[in-house]
Protein chains: 2
Amino acid sequence: MAASPEIGAGAGPAGTRSRREQILTVAAQLFARHGFHGVSIADLGAAVGVSGPALYRHFPGKEALLAEMLIGISEHLLAGGQERAAAADDPREVLAALIDFQVDFALREPELIVVQDRDLANLPPAPRRRVRLLQRTYVEIWVDTLRRINPELTPESARIAAHGAFGLLNSTPHSGTRGSRAEVAALLHRMAWAALTGLAPRAG
Amino acid sequence: MAASPEIGAGAGPAGTRSRREQILTVAAQLFARHGFHGVSIADLGAAVGVSGPALYRHFPGKEALLAEMLIGISEHLLAGGQERAAAADDPREVLAALIDFQVDFALREPELIVVQDRDLANLPPAPRRRVRLLQRTYVEIWVDTLRRINPELTPESARIAAHGAFGLLNSTPHSGTRGSRAEVAALLHRMAWAALTGLAPRAG
DNA sequence: GCGAGGCGTTAATGAGCGCTAACGTGTTAA
DNA sequence: TTAACACGTTAGCGCTCATTAACGCCTCGC
């Protein structure tokens with residue numbers, strides 16, 4: 001229900017904030033369940049209590065709505081990643097903070113996780129490039145951190161490992177999140193940590 | 001390019017095999033790139049060199065095509081999982097074989113991985129239930145194996161861990177698979193192994 | 001030789017969709 | 001008071017799409 005206040009808070013008069021965010025939140029849920037093409041403008045309007053074309057008072061079009069959503073997600077993740085990367089010197093501390101951040105996001109906003117990688121292809125070229133750039137930059141934070149921990153790791157391997165960690169941490173939409181939030185978070189954190197630090201050549 | 005011969009080889013006269021499989025293979029690629037609703041029957045026909053409604057000679061409809069594809073994937077995975085589970089007594093051996101099997105599939109057929117979890121929602125209720133059941137059964141193989149290795153693991157945790165491992169191993173479509181097939185496979189295998197066996201309470 | 005059926009074609013139908021147009025209403029500011 | 005504007009409404013346009021209809025080959029078994 002409650003989205004992070006940062007995400008999707010674009011420019012605009014103060015009075016429109018609420019409705020815009022309501023639409024974005026509901027759109028994320030519907031897109032996550034039925035896919036971008038599986039949700040019509042009419043569905044979207046009905047879900048927020050208005051009907052159909054009223055959405056054009058808030059967004060120039062359906063694709064623009066998706067664009068704002070996905071760009072908001074990527075910017076949020078990148079900002080969080082940069083913040084964590086700058087907050088500590090020890091790369092192992094940074095990695096732990098990055099994992100915490102990602103698992104927290106994945107548990108709090110599973111719909112956004114789903115939409116982000118499923119409907120990226122439905123974006124017009126310009127915003128798609130923007131999202132891809134933001135995502136790449138975010139991944140690079142993880143890659144750099146991994147290679148500071150283990151300098152023998154090639155960039156290729158580090159990138160594959162980072163994507164693997166995202167897949168692991170972003171598996172929350174698949175497992176239903178029945179257990180207690182904190183327990184699931186701890187479990188996923190330990191798994192990701194083991195997966196990423198198990199990369200170092202074994203001592204034994 | 002080359003799909004596992006088992007997948008999608010349904011019943012039918014020998015002469016139709018080739019075309020049906022060609023359609024299924026091409027459909028997987030297009031669905032993976034553009035999503036089920038983003039690919040029209042005309043696109044699909046064009047991609048195999050025929051035009052439009054010719055597909056109705058081989059499938060009763062677009063959704064039926066998707067159904068056959070997804071059911072084929074789930075059956076293939078389940079069969080492979082059952083085979084590995086029966087091939088060894090030591091649960092650690094079984095787990096290693098399961099990981100091998102999954103990573104091999106994920107590297108060989110990344111499009112199927114993508115379509116399976118993205119377009120499950122576009123299936124009619126009946127085949128969707130079937131796919132879900134097959135998937136659940138496959139997951140249970142992993143859950144059982146994990147709990148045989150570590151009896152203190154609760155079913156809930158084991159299920160979350162299994163889904164996490166799938167997310168990790170199925171991350172291949174995101175990382176582009178540039179490196180050598182064998183190296184990537186080894187890396188993902190080590191990560192999954194570390195993530196899943198790191199669940200045991202540490203000895204130290 | 002010939003009927004049956006596998007496999008393809010083009011044309012048409014009907015539904016759903018994104019989006020625009022035209023219009024109504026309440027609040028706000030000069 | 002009234003003009004501007006934010007925010008809704010319903011109709012309708014134009015397009016795409018899945019599906020069906022009607023028809024034409026080519027290749028068999030007889």
If you count every heavy atom of other residues, nucleotides or ligands that lies below 6.0 Å from A:Q82 atom CD, does the total exceed 12?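 Result for CD/A:Q82: enclosed.
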Hey, does the side chain of B:R159 reach the backbone of B:V143 with a donor-acceptor pair shorter than 3.5 angstrom?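 Absent.
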Output one line per pair: protein atom, nucleotide atom from nucleotides 20-26 of chain C, and distance, for all N/O pairs under 3.5 Å.
| from | atom 1 | to | atom 2 | distance (Å) |
| --- | --- | --- | --- | --- |
| C:dA22 | N6 | A:R57 | NH2 | 3.4 |

(message) Looking at every non-hydrogen atom in both residues, tell me the closest pair between B:V115 and B:M69 and how far apart they are.
(response)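 Answer, listing the atom of B:V115 first, then B:M69: CG1-CE, 3.0 Å.
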**Asked** So what does B:V48 hit on the nucleic acid, given a heavy-atom distance under 4.0 Å: a base, only sugar-phosphate, or nothing?
**Response**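 It contacts nothing in the nucleic acid.
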Query raised in the report: Contact class for B:G52 (heavy atom, under 4.0 Å): base, sugar-phosphate, or nothing?
Result: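 Nothing, no heavy atom under 4.0 Å.
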Exercise. Closer than 4.0 Å, any side-chain N/O of A:R19 to the OP1 or OP2 of D:dA6?
Worked result: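 No, outside the criterion.
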Side-chain N or O of A:H37 versus OP1/OP2 of C:dG16: is the shortest distance under 4.0 Å?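 It does not, given that no N or O in the side chain of A:H37 lies less than 4.0 Å from OP1 or OP2 of C:dG16.
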d(CD, B:E63; P, D:dC17) in whole Å:
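Taking CD of B:E63 and P of D:dC17, I get 16 Å after rounding.
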Pick the nucleotide of DNA chain C nearest each of B:S51 and A:G38; which residue has the one closer to the 5' end?
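Nearest nucleotide further toward 5': that of B:S51.
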(message) Could you tell me if B:R118 sits above the aromatic ring of B:F36, with its cationic atom closer than 6.0 Å to the ring centre and no more than 45 degrees from the axis?
(response)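 So B:R118 doesn't make the cation-pi contact.
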Pair A:E63 + A:R128, salt bridge at N-O below 4.0 Å =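 Salt bridge absent between A:E63 and A:R128.
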